[in-house]
Amino acid sequence: MNAKENVIASLAAALGTELPAAQIAELLEVPKSSTLGDYAFPTFSLAKIRRQAPPLIAQSLVDVIDQTGYEKVVATGAYVNFFLDKSTFAQDILATILTEGQHYGDSDLGAGGNVPIDMSSPNIAKPMSMGHLRSTVIGNSLAKIYSKIGYHPYKINYLGDWGTQFGKLIVAYHKWGSEAEIKADPIGNLLKYYVRFHKEAETDPKLDDEGRLWFKKLEDGDPEATHLWEWFRGLSLAEFNKIYQRLGVEFDSDNGEAYYNDKMDPVVQELTDKHLLQASQGAQIVDLTDEGLTPALIKRSDGATLYITRDLAAAIDRYHKFHFAKSLYVVGSEQTEHFKQLKAVLEKMGHTWAQDIVHVPFGLITKDGKKLSTRKGNVVLLDQVLDEAVDLAKAQIASKNPDLKNADQVAHQVGVGAVIFHDLKNDRLDSFDFSLQEVVRFEGETGPYVQYTNARAQSILRKAATNVDLTTDKLVLTDPKAWDVLKYLADFPNMITRAATEYEPSVIAKFALRLAKAFNKYYANSKILVADDELNARLALVSAVSQVLQAALDLLGVQAPAEM
RNA sequence: GGCGCAGUAGCUCAGCAGGAUAGAGCAACGGUCUUCUAAACCGUAGGUCGUGGGUUCGAGUCUCACCUGCGUCACCA
């Protein structure tokens with residue numbers, strides 16, 4: 001029985017039949033300030049039943065509650081405040097964390113269910129921007145979180161390697177490109193052509209028609225179009241892989257949109273058989289007005305497919321492959337409508353599993369208040385941001401810890417960690433304006449702050465040079481300054497499940513910050529390495545903190561150097 | 001205009017399922033390294049929680065309206 005259950009049981013015993021345990025659990029809260037206690041029970045709702053003033057009720061409850069096992073139980077105003085027994089709590093939580101090791105916080109909520117995660121999805125022939133970073137790191141973190149609670153995640157890089165844009169790119173390459181240029185700087189020059197295409201298309205709408213024509217050719221298997229497409233795709237993928245390597249992200253599949261090119265006919269056929277498809281203005285659509293949605297365009301008037309056609313094929317394919325418990329799509333919030341359409345069409349087709357499709361949207365990154373647009377050339381290149389961050393980390397190490405051995409490796413871990421953490425610490429849906437200064441910051445609520453905290457803990461453990469004794473009576477820690485740290489440590493499993501149910505890595509990031517801050521405070525006020533009765537318990541605390549910080553960082557996809 | 005997301009300190013944001021005096025970080029100012037890494041810690045200052053109703057014993061939190069910003073609304077993804 002954990003601490004919270006104990007408190008509920010105590011209240012239930014005192015209240016008898018007045019309130020069921022489930023309702024007590026619902027009312028029970030954690031006070032904002034730990035000076036008020038560890039758990040608090042508000043008596044307002046009892047005031048109605050008993051027709052008594054809340055403070056009186058609180059006091060009368062305190063009078064009948066059995067106080068054994070608690071430090072104290074007191075009435076403060078309308079609340080019954082429970083103070084847990086510090087040494088028992090410390091013994092329990094430290095022993096649990098240190099015995100369970102890296103499995104602390106694991107659970108079996110997922111029961112082995114498959115969870116394909118659609119993530120990253122950069123577009124071929126375009127550089128990776130900060131927008132792709134979000135999808136990549138959120139998806140990667142969710143995969144780790146879901147794995148920890150017993151699911152089998154399956155990371156899919158749904159590459160944007162198909163669509164009208166390739167027709168446009170081929171036209172642009174024919175008009176202004178050269179093989180030599182592309183070999184020199186593949187993505188840079190492909191992007192240059194693409195930007196120019198859109199600029200010229202503004203005054204020459206015929207270009208768009210040509211682009212659509214070439215995409216149709218590509219879909220029909222035209223050899224020249226196919227050859228160019230393969231070439232562009234291969235070059236792009238090689239560049240992307242360099243970035244994924246820097247980020248430490250690996251995929252289980254690179255099946256992009258093109259992979260579904262030959263899997264769309266059956267879908268269109270199924271839609272036809274089920275009488276869902278109808279002609280409208282020359283195009284083939286599924287009407288969704290009864291869902292309050294705009295129609296889903298399945299085929300263009302020239303017969304070419306669209307994004308949603310491919311996504312339908314992909315969704316069905318993933319279902320057949322995985323029989324997923326959930327199917328996640330980590331895609332920007334501007335595509336919310338698209339996923340509503342996707343689910344609605346699948347439901348109309350009779351696929352009840354459509355309800356397990358979850359769009360995990362995230363907010364837009366802007367630059368100077370404007371949306372990033374590859375077409376308009378308004379981009380923030382991910383590679384450059386990472387370079388900048390790593391350089392800064394190098395400079396920082398040179399001035400703070402010049403003797404550090406593997407300085408380059410640590411600079412990489414810290415710089416990249418800062419960028420990833422920055423992207424994950426706020427609510428997914430928050431939009432933010434890109435600021436390099438903000439992203440590469442190492443002080444305050446940042447990834448490096450958490451990493452640094454762990455490095456300090458590791459440093460103490462190295463200096464102590466003894467193993468922590470896990471015998472429970474050696475884990476008595478009465479120092480009140482350690483209390484907040486202990487409570488946060490105990491909170492980690494809850495944070496993991498909350499992050500999972502909300503699809504929200506920021507829950508973990510914020511938790512890591514809270515724990516790091518509490519530990520730094522403790523560190524600044526208590527001397528750890530002194531030979532007294534509680535030395536072993538303090539080392540256990542330091543060890544547990546380091547272990548949980550590392551676990552939290554790992555769930556975010558951020559590395560934790562032992563020294564920095 | 002319809003739908004969606006958001007509006008909390010100068011800036012960036014927390015505030016979990018409504019609850020006890022609204023919290024951090026950055027920036028500003030002032031302290032703390034002969035002692036476990038000062039990428040840290042402590043303090044000072046800074047707020048009509050967009051506006052107005054409603055529900056409730058109690059609203060930053062729920063609800064409605066309005067204002068503001070962003071996204072989106074068929075042949076892009």
Side-chain angles (χ1 to χ4, degrees), chain A residues 26-27 29-33 36 40 42 44-45 47-48 54 76-79 81 121 123 160 162-165 168 208 211-212 257 280-285 292-302 304 306-308 310-311 331-338 340-341 361 363-364 366 369 371 375 393 396-397 399-401 404 414 418 425-427 429-433 435 437-438 441-446 448-453 455-464 494-495 498 502 506-507 510 513-514 516-517 520-530 538 542 563-564:
Chain A
E26 217 167 285
L27 289 167
E29 54 189 79
V30 177
K32 281 179 184 159
S33 163
L36 288 164
F44 300 105
S45 42
K48 266 191 202 158
T76 311
Y79 293 83
N81 290 337
S121 314
N123 293 320
W162 207 245
T164 313
Q165 52 178 328
K168 294 176 177 177
D208 281 329
R212 276 192 280 269
E257 294 181 55
S280 171
Q281 299 171 33
Q284 297 290 312
I285 65 156
L293 296 168
T294 49
L297 255 182
I298 305 297
K299 277 200 164 187
R300 296 194 320 214
S301 36
D302 66 359
L306 287 140
Y307 182 46
I308 197 164
R310 268 159 264 143
D311 255 7
V331 181
S333 60
E334 67 270 27
Q335 288 191 34
T336 301
E337 192 81 0
H338 166 76
K340 283 185 185 163
Q341 290 182 325
L364 216 55
T366 54
K371 190 177 171 176
R375 278 175 310 187
Q396 191 87 316
I397 290 168
S399 78
K400 309 235 177 206
N401 196 355
L404 187 64
V414 172
K425 81 171 173 188
N426 288 134
D427 279 14
L429 278 166
D430 285 356
S431 299
F432 67 89
D433 199 63
S435 152
Q437 216 189 347
E438 200 58 44
R441 171 165 273 142
F442 297 161
E443 285 152 28
E445 297 172 328
T446 64
Y449 173 86
V450 180
Q451 291 172 318
Y452 177 70
T453 310
R456 283 174 128 187
Q458 282 295 315
S459 174
I460 292 175
L461 296 172
R462 273 194 306 275
K463 293 216 158 102
N494 289 333
M495 292 300 110
R498 216 183 107 200
E502 293 175 16
S506 71
V507 168
K510 281 167 189 152
L513 285 170
R514 274 198 301 276
K517 194 168 167 51
N520 277 323
K521 192 170 185 163
Y522 171 72
Y523 178 100
N525 290 299
S526 309
K527 184 80 183 157
I528 294 156
L529 291 177
V530 282
R538 283 195 301 273
V542 174
E563 282 183 76
M564 63 187 269

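Just so it is clear, the values below take in all heavy atoms, side chains as well, and ignore hydrogens, waters and symmetry mates.
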Checklist entry - What interatomic distance, in whole Å, is found between C1' of B/U68 and the corresponding atom of B/U8? => result 16 Å
Item to check | Gap in Å between the two C1' atoms, one belonging to B/U12 and one to B/A6, rounded | outcome: 15 Å
Item to check | Whole-Å distance separating the CG atom of A/Leu27 from the C1' atom of B/C57 | outcome: 14 Å
Next on the checklist: Give me the distance, rounded to whole Å, that separates B/C64 from B/A77 when you measure between the C1' atoms they each carry.
Outcome noted: 37 Å
Next on the checklist: Please tell me if A/Arg498 has a side-chain N or O lying less than 4.0 Å from either OP1 or OP2 of B/A17.
Outcome noted: no
Checklist entry - Going by modelled atom types, is there a donor-acceptor pair between the base of B/C75 and the side chain of A/Ser301 at under 3.5 Å? => result yes
Checklist entry - Between B/C57 and A/Lys48, is there an OP1 or OP2 to side-chain N/O distance shorter than 4.0 Å? => result yes
Checklist outcome for this item: Whole-Å distance, A/Gln335 CD to B/A77 P, equals 10 Å
Checklist entry - Strictly by modelled atom types, are A/Thr366 and A/Asp433 linked by a side-chain donor-acceptor pair under 3.5 Å? => result yes
Checklist entry - For nucleotides 28-41 of chain B, read 5' to 3', which letter fits each nucleotide if B means a protein heavy atom sits under 4.0 Å from the base, S means only the sugar-phosphate is that close, and - means neither? => result -------SBBSBSS
Checklist entry - What integer number of Å spans the P atoms of B/U63 and B/C70? => result 25 Å
Checklist entry - Which sits closer to the 5' end of RNA chain B, A/Ala283 or A/Phe44, going by the nucleotide each is nearest to? => result A/Phe44
Next on the checklist: What is the separation between atom CG on A/Leu36 and atom C1' on B/A22, rounded to the nearest whole Å?
Outcome noted: 15 Å
Checklist entry - Taking N and O atoms by type only, does the side chain of A/Glu445 place a donor or acceptor under 3.5 Å from a partner on the base of B/A14? => result no
Item to check | Pairing partner of B/A6 (Watson-Crick or G-U wobble, both distances under 3.5 Å) | outcome: B/U68
Next on the checklist: For the P atoms, the ones on B/G25 and on B/A14, what distance do you get once it is rounded to whole angstrom?
Outcome noted: 15 Å
Item to check | Rounded C1' spacing from B/A24 to B/G50 in Å | outcome: 22 Å
Item to check | Polar pair under 3.5 Å, donor/acceptor by atom type, side chain A/Asn81, base B/A20 | outcome: yes
Checklist entry - Who does B/U56 pair with, Watson-Crick or G-U, both distances under 3.5 Å? => result none
Next on the checklist: Tell me the interatomic distance from A/Leu297, atom CG, to B/A77, atom C1', rounded to whole angstroms.
Outcome noted: 13 Å
Item to check | B/C62 and B/C16, which share atom name P, separated by this distance in whole Å | outcome: 9 Å
Checklist entry - Among the nucleotides B/A14, B/A20, B/A77, which one has an atom lying closest to any side-chain atom of A/Ala40? => result B/A20
Checklist entry - Taking atom C1' of B/G2 as reference, at what distance in whole Å does atom NZ of A/Lys340 sit? => result 12 Å
Next on the checklist: Whether A/Asp427 and A/Lys510 form a salt bridge (side-chain N of Lys/Arg under 4.0 Å from carboxylate O of Asp/Glu) is what I want to check.
Outcome noted: yes
Item to check | Rounded distance in Å between the P positions of B/G18 and B/C13 | outcome: 25 Å
Next on the checklist: OP1 or OP2 of B/A20 versus the side-chain N and O atoms of A/Thr76: is any pair under 4.0 Å?
Outcome noted: no
Checklist entry - Syn or anti for B/C33, with syn set at within 90° of 0? => result syn
Next on the checklist: Please name the nucleotide paired to B/G25 by Watson-Crick or G-U wobble geometry with both distances under 3.5 Å, or report none.
Outcome noted: B/C11
